[in-house]
Amino acid sequence: MDLKELYQEIILEHGKNPRNLGKFENFNKDAEGYNPLCGDKVHVYLKLNENKEIEDISFEGHGCAISMASASIMTELMKDKKNPEVKEILNDFLSMIKQNPELKSQLIKEDEKTKLMSLSGVKQYPMRVKCATIAWHALAAAMSYKKDENDSEKFI
Amino acid sequence: MSIEDIKKEFPIFNNKIQNNDLVYLDSANSSQKPQVVVDRIYDFYTKEFSNVGRSIHYLAVAATNLYENTRTLVQKYINAKDKNEIVFTKGATEAINLVANTFGQKHLNAGDEILLTELEHHSNYVPWHYLRKSKGVKIKFAEMDENGDVTLETIEKNITDKTKIIAITHLSNVTGAILPVKEITKLAHSKNIPVLIDGCQGAPHLKLDMQDLDCDFYAISCHKMYGPTGLGILYAKKKWLEELPPYQGGGGMIREVKKEGITFGELPNKYEAGTMATAQVIAFGESIKFINKIGIENIEKHERELTVYGEEVLRKNNSVKLIGNPKDKGSVLSFTLDGVHPHDIATILDEDGVAIRAGHHCCQILHEKLGLSATARASLGVYNTKDDLEQLNESLNKCKKIFS
Ligand SMILES: Cc1ncc(COP(=O)(O)O)c(C=O)c1O
């Protein structure tokens, strides 16, 4: 185990200065992610237009550096993404956190991949995986995605 | 016995945990187990095993005697009047559920009030919550003050002529506050209100005397007392155990079973339905003997000194905020660290072999009052030393550095 891998600069920086923090006025979708084990909460707000494109996205919440950084990075990445893209990126991220060594989606640019991969340190800390995924599950709920029955970390 | 010698009795400290010496500061969650307790479980299963209270062959009789010996040891340890006032349960949680369920069934009606405190562990709130729905009772919470205490006056203020039972913690597992349980019991009894004490954090650290304390119910969690998991104890005054209905039905708790009806067995069998946690009960006898060998007074003295020392060390650290400054404080040090979330603290400390707990510690009502979703908690046991607290502080400084 390596703390430096878990608490990479990117995470510490986003954890300290989260982007897109705070509810905005004209959101039309929202959902809350909650970790009953620790009581951490992340609430995701979306403005989804008629083309199912995320025009605006933000989050509110309290939690550890990992969960705040993950929500911050996610909201940056998802802005202006359309529905099928959102789902693809979300599933790609969750598979990476669960098992895949890297991100596969072509929709994610290299610099964005680097940011997302900074969260992969949690793989060595099973108790912290939920911290890295809480915002993503909230986003899936806000987008009204359904869980794949055979794979609890995949949305259809 | 010196602390070094005491520590040697706990095999967990003989091995490195992820290449570190273990600094175990999570005893309020569960304590480590001395070798004698582990050995007793092994010996029972390998040399003496049988079910208790049923067959009449040699092993069954011997096992039954061993099982009942622990009941007597517990009775003496807490100075209960009668051995049959000791009921084994699967945990303190079940002990409280037992009382909430049976007392609720018989004595609570719509509009009645149950008085708890804001300090309570979920185990001493959720079982009572069910009665809101089934019986229409009201639950009141005596307020915690800014020191993390609940005073006798606050309890008194919350008692009404509708109060039917008071259920309070002996020692808060977050603020460390030791409540004036004897005075509260006296006050409650002057108004004919029975008192349940959640003694999970009391029993491992404080000398107990049920006859002096005079409470009606006292719940104990054995795994926090250097004993096995899967075992708890309900102490209840005999009059209650005789008067209240049985909790669970099954083998062992009945006298006669006919198609038309059933009669129930005598105490303590009435509340011990089915095959019990036999090996754990027998091994718990060794936990009590272990505590008695050191002396609970000595354990209390050692832990009080360490608590004061821990407070001193953490107060000197400018980034640490201690949670709770109660008048009388038990072996719990809850805190926050500026700019670092408790979970991040716990992960970073773990890297140094320092085991603490982070979260709401099953006390969400209390944390809501504090305006915090989580705190970090270092809690002490008989094996802890000043070095452990210094290591804690050093590792906290490492957290600060990472997050600076
Ligand atoms: C104050 C308090 N009450 C109740 C409990 C529940 O005990 P158990 O889980 O052993 O039933 C605990 C243990 O965490 C506790 O600290």
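Side chains are part of it too, since the values below use all heavy atoms of this structure and drop only hydrogens, waters and symmetry mates. Below, chain A is the first sequence line, B the second, and so on; all start at residue 1. Given the structure is predicted, the values throughout are model-derived calculations rather than measurements.
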Exercise for review: Determine whether A/Y7 and B/T347 make a side-chain contact, defined as any pair of heavy atoms from C-beta on separated by less than 4.5 Å.
Suggested key: yes

Check your understanding: Is atom NZ of B/K321 surrounded by more than 12 heavy atoms (other residues, nucleotides or ligands) closer than 6.0 Å?
Key -> no

Review point. In this structure, are over 12 heavy atoms from other groups packed under 6.0 Å from A/F24 atom CZ?
Key: yes

Point to revise | NZ (A/K29) with more than 12 external heavy atoms under 6.0 Å | key: no

Check your understanding: Do side-chain atoms of A/K16 reach the backbone of B/F403 as a donor and acceptor pair under 3.5 angstrom?
Key -> yes

Exercise for review: For atom CD of A/Q99, decide whether the heavy atoms of other residues, nucleotides or ligands shown that lie under 6.0 angstrom number more than 12.
Suggested key: yes

Point to revise | Exceeds 12 heavy-atom contacts within 6.0 angstrom, atom CD of A/E13 | key: yes

Study note, to complete from the structure: Heaviest contributor of heavy-atom pairs below 4.5 Å to chain B, chosen from A/K41, A/H62, A/R128, is A/R128

Practice item. Heavy atoms only: give me the nearest B/H341-A/A65 pair and the separation to one decimal. Key: CB-N, 4.4 Å

Practice item. Would you indicate whether B/K400, at its atom NZ, is surrounded by more than 12 heavy atoms from other residues, nucleotides or ligands within a distance under 6.0 Å? Key: yes

**Study point:** Least distance between heavy atoms, B/H343 atom then A/C64 atom
**Key:** CB-CB, 4.0 Å

Practice item. Let me know if B/S404 has heavy atoms under 4.5 Å from chain A in its side chain, its backbone, both or neither. Key: backbone

Point to revise | Residues of residues 66-85 of chain A contacting chain B, heavy-atom criterion under 4.5 Å, by residue number | key: A/I66

Review point. With respect to chain A, which residue among B/C362, B/S373, B/A358 yields the maximal number of heavy-atom pairs within a distance under 4.5 Å?
Key: B/S373

Review point. When you look at CG of B/N14, are more than 12 heavy atoms from neighbouring residues, nucleotides or ligands closer to it than 6.0 Å?
Key: yes

Point to revise | Nearest-0.5 Å distance that lies between atom CG in A/L12 and atom CG in B/D344 | key: 8.5 Å

Practice item. Could you tell me whether the side chain of B/I348 reaches within less than 4.5 Å of the side chain of A/L6, counting heavy atoms only? Key: no

Point to revise | Other residues, nucleotides, ligands: >12 heavy atoms within 6.0 Å of A/E55 CD | key: yes

Practice item. Name the region of A/N35, side chain, backbone, both or neither, that has any atom closer than 4.5 Å to a heavy atom of chain B. Key: neither

